[in-house]
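These notes are about the structure you will find just below.
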Amino acid sequence: MKKYNSFHIEASCLKRISIFSKKDFVEYAGQDAGRNYKILGGGSNVLLTSDLDCDVLINKIKGINIQRETDEDIFVEVGAGEMWHNFVMWTVSHDLGGLENMALIPGTVGAAPIQNIGAYGVEQKESFVSLKAIDKESLKERIFTNMECMFGYRDSYFKNAGKDKFFITSVTYRLSKNSVPNTSYKDVSEWLASRAIEYPTPNDVATAVIDIRRQKLPDPAEIGNAGSFFKNPIVDQTTIDVLSGMYPQMPSYPLDNGTYKLAAGWLIDQCGYKGVRVGNTGTYKNQALVIVNYGGATGEEIKAFSEEIQQAVLDKFNIRIEPEVNIW
Ligand code: EPU
């Protein structure tokens with residue numbers, strides 16, 4: 001599995017099977033109803049902590065197909081096995097807006113709705129129309145609308161009641177022909193201002209995001225990682241009042257419902273864990289929220305290190321940070 005997970009963990013599975021179409025999946029799953037298998041897209045949000053006693057299906061369903069068009073929008077159905085970043089590059093090369101802030105996120109299109117990926121002030125749910133999935137039990141196709149996916153911050157139906165129940169085959173996005181890019185995020189607006197770009201195109205924003213990400217985040221091709229290891233915690237007003245009294249510099253972002261999102265990276269950094277190395281693992285030098293494999297780390301080793309960080313944050317701030325990465 002080493003080449004199929006962005007942490008580059010050595011682990012085996014029974015069989016690795018590429019799925020290129022709905023038919024491939026139905027044929028595989030139909031052979032034996034009680035069959036135990038796991039589904040993987042780009043392997044960029046998973047930590048393998050042991051060998052897998054089951055088959056692993058790699059989703060390779062491809063295709064970018066325009067479904068319909070209005071004066072304002074284009075609806076595009078994308079194969080779940082397309083690489084997300086390649087699809088984002090396709091959108092900006094057609095001057096279509098909506099996904100540009102999420103350039104360079106590793107992984108596949110089919111994985112994007114599962115954890116409702118997001119970056120630089122935009123989440124995929126804002127452009128998401130629907131997805132098609134095959135029910136693993138009945139092997140019937142189902143369409144999920146945006147509402148039915150119950151998207152939240154790094155969350156969806158597919159991480160809760162629908163967990164492990166579906167094989168996603170395609171996702172449809174609505175892309176805008178005349179969108180006003182979201183440049184609310186300081187890093188992005190500063191990047192554009194420093195180049196005197198006043199009216200950025202989707203491609204300009206994608207270029208900015210790619211540049212910013214390359215500076216802050218390690219490239220999984222060079223150093224094993226799965227992006228942010230933890231989710232940013234969401235806390236209530238009382239907690240914010242107490243903590244911001246103690247730590248006036250602490251970043252926090254108000255949400256619609258009166259709660260606040262804290263920066264897990266900042267909390268970890270404050271515990272002295274930025275750029276720390278323990279054995280073959282550690283946190284990245286430019287972003288404490290990213291745990292890396294310096295080479296040869298086991299999944300267990302990374303998991304133990306993540307628990308050490310979790311405990312340090314709990315001890316110092318009385319806040320429990322939860323993994324964003326799926327631990328297998
Ligand atoms: N910070 C520190 N020290 C650190 C890291 C961060 O002080 O080591 C501070 C930063 O200075 C900033 C704040 O924490 O004030 C937030 O940091 P940043 O802007 O880097 O964003 P983040 O909250 O750490 C989230 C996403 C990233 C996404 C960025 C940009 C999550 C879990 N992570 O990170 O997503 O790229 O915002 O939008 O929501 C991912 O999910 O894998 C991922 C990389």
Side-chain angles (χ1 to χ4, degrees), residues 5-7 41-47 84-85 88 99-108 111-126 151-156 159 181-191 205-206 208-220 223-235 243-244 247-255 260-277 282-292 306 309-310 312-313 316-317 319-326:
N5 73 98
S6 64
F7 257 124
S44 56
N45 205 41
V46 64
L47 177 66
W84 172 263
H85 176 68
V88 173
L99 307 180
E100 59 277 9
N101 295 46
M102 292 173 283
L104 215 60
I105 295 184
T108 55
I114 296 180
Q115 64 151 344
N116 184 30
I117 60 169
Y120 304 100
V122 179
E123 291 182 344
Q124 69 85 45
K125 74 168 184 197
E126 292 158 48
F151 292 124
Y153 165 62
R154 296 290 192 275
D155 200 30
S156 78
K159 286 185 85 172
N182 178 332
T183 58
S184 60
Y185 207 90
K186 202 165 121 265
D187 288 355
V188 175
S189 59
E190 283 177 2
W191 191 98
V205 175
V209 166
I210 290 169
D211 200 33
I212 295 161
R213 285 186 74 100
R214 287 211 169 115
Q215 284 167 37
K216 280 206 171 168
L217 299 167
D219 179 355
I223 178 163
N225 76 90
S228 302
F229 194 91
F230 299 99
K231 288 194 265 197
N232 284 328
I234 293 169
V235 299
L243 285 177
S244 45
Y247 307 98
Q249 310 299 327
M250 182 182 74
S252 68
Y253 315 93
L255 303 176
Y260 290 80
K261 195 191 276 184
L262 299 181
W266 185 89
L267 300 171
I268 297 167
D269 194 350
Q270 292 298 304
C271 293
Y273 272 98
K274 186 171 179 167
V276 161
R277 180 169 179 164
T283 47
Y284 191 55
K285 60 180 183 346
N286 298 337
Q287 172 46 296
L289 194 50
V290 179
I291 298 184
V292 298
S306 77
I309 292 175
Q310 227 171 4
V313 171
K316 190 171 168 75
F317 296 101
I319 289 173
R320 190 168 166 82
I321 49 171
E322 297 296 342
E324 197 233 89
V325 166
N326 298 300

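What you see is a predicted model; the values in this text were computed from it and never measured. Every number for a ligand or one of its atoms is a count from 1 in the order of the listing.
Judged by distance alone, the side chain of Asn232 and the main-chain N or O of Ala264 form a donor-acceptor pair under 3.5 Å. Looking at Ser156, its side chain does come within 3.5 Å of a backbone N or O of Ile114 through a donor-acceptor pair. Between the side chain of Glu123 and the main chain of Lys125, no donor-acceptor pair closer than 3.5 Å is present.
One option in Ser228, Ala119, Pro233 has a heavy atom closer to atom 27 (C) of ligand 1 than any other, and that option is Ser228. Here atom 39 (O) of ligand 1 lies nearest to Tyr153 when heavy atoms of Tyr273, Tyr153, Tyr120 are compared.
When non-hydrogen atoms are compared, ligand 1 lies under 4.0 Å from the backbone of Gln287 as well as from its side chain. At a heavy-atom distance under 4.0 Å, only side-chain atoms of Ala263, from C-beta outward, approach ligand 1.
Note that Lys261 lies in the cation-pi zone of Tyr153, set by a 6.0 Å cut-off to the ring centre and a 45° limit from the axis.
Residue, atom and distance of the protein heavy atom nearest to atom 7 (O) of ligand 1 are Trp266 CD1, 3.2 Å. Ranking protein heavy atoms by distance to atom 23 (O) of ligand 1, first place goes to Asn232 ND2, 2.9 Å. Closest to atom 8 (O) of ligand 1, if we only count protein heavy atoms, is Ala288 N, 2.8 Å. Nearest protein heavy-atom neighbour of atom 26 (C) of ligand 1: Arg154 NH2, 3.4 Å.
Nearest approach of His85 to Ala103, heavy atoms of both residues: ND1-C, 3.8 Å. Nearest heavy-atom pair across Gly121 and Tyr185 is N-CD1, 4.0 Å. Across Val188 and Val205, no two heavy atoms sit closer than the pair CG1-CG1, 4.4 Å.
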**Request:** Show your reasoning for whether side-chain contact (heavy atoms from CB on, under 4.5 Å) applies to Ile268 and Phe230.
**Result:** CA-CA 10 Å; Ile268 297 167; Phe230 299 99; 3.8 Å; yes
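Within 4.0 Å of atom 11 (O) of ligand 1, not a single protein heavy atom is present. There is a protein heavy atom less than 4.0 angstrom from atom 32 (C) of ligand 1.
Each of the following atoms of ligand 1 lies closer than 4.0 Å to a heavy atom of Gly227: 42 (O). Interface of Arg213 with ligand 1, defined as ligand atoms under 4.0 Å from a residue heavy atom, comprises 36 (O). The ligand atoms of ligand 1 that sit less than 4.0 angstrom from a heavy atom of Phe230 are 32 (C). Each of the following atoms of ligand 1 lies closer than 4.0 Å to a heavy atom of Tyr253: 13 (C), 15 (O), 16 (C). Taking a cut-off of under 4.0 Å to the non-hydrogen atoms of Asp269, the atoms of ligand 1 that pass are 2 (C), 3 (N), 4 (C), 7 (O), 8 (O). Within ligand 1, the atoms closer than 4.0 Å to a non-hydrogen atom of Pro251 are 15 (O), numbered from 1 in the order shown.
At least one heavy atom of Tyr185 sits less than 4.0 Å from an atom of ligand 1. Under a 4.0 Å heavy-atom criterion, Lys261 is not in contact with ligand 1.
We find the CG-OG1 distance between Asn225 and Thr283 to be 12.0 Å, quoted to the nearest 0.5 Å.
With sequence neighbours excluded, the residues that form a salt bridge (charged side-chain N to carboxylate O under 4.0 Å, His left out) with Arg320 are Glu322. With sequence neighbours left out, Lys216 forms a salt bridge (charged side-chain N to carboxylate O under 4.0 Å, His left out) with Asp187.
Annotation: Glu324 places an N or O atom under 3.5 Å from an N or O atom of ligand 1; distance criterion only.
In this structure, Trp266 and Phe317 have tilted ring planes: the angle between them lies in the 30° to 60° band.
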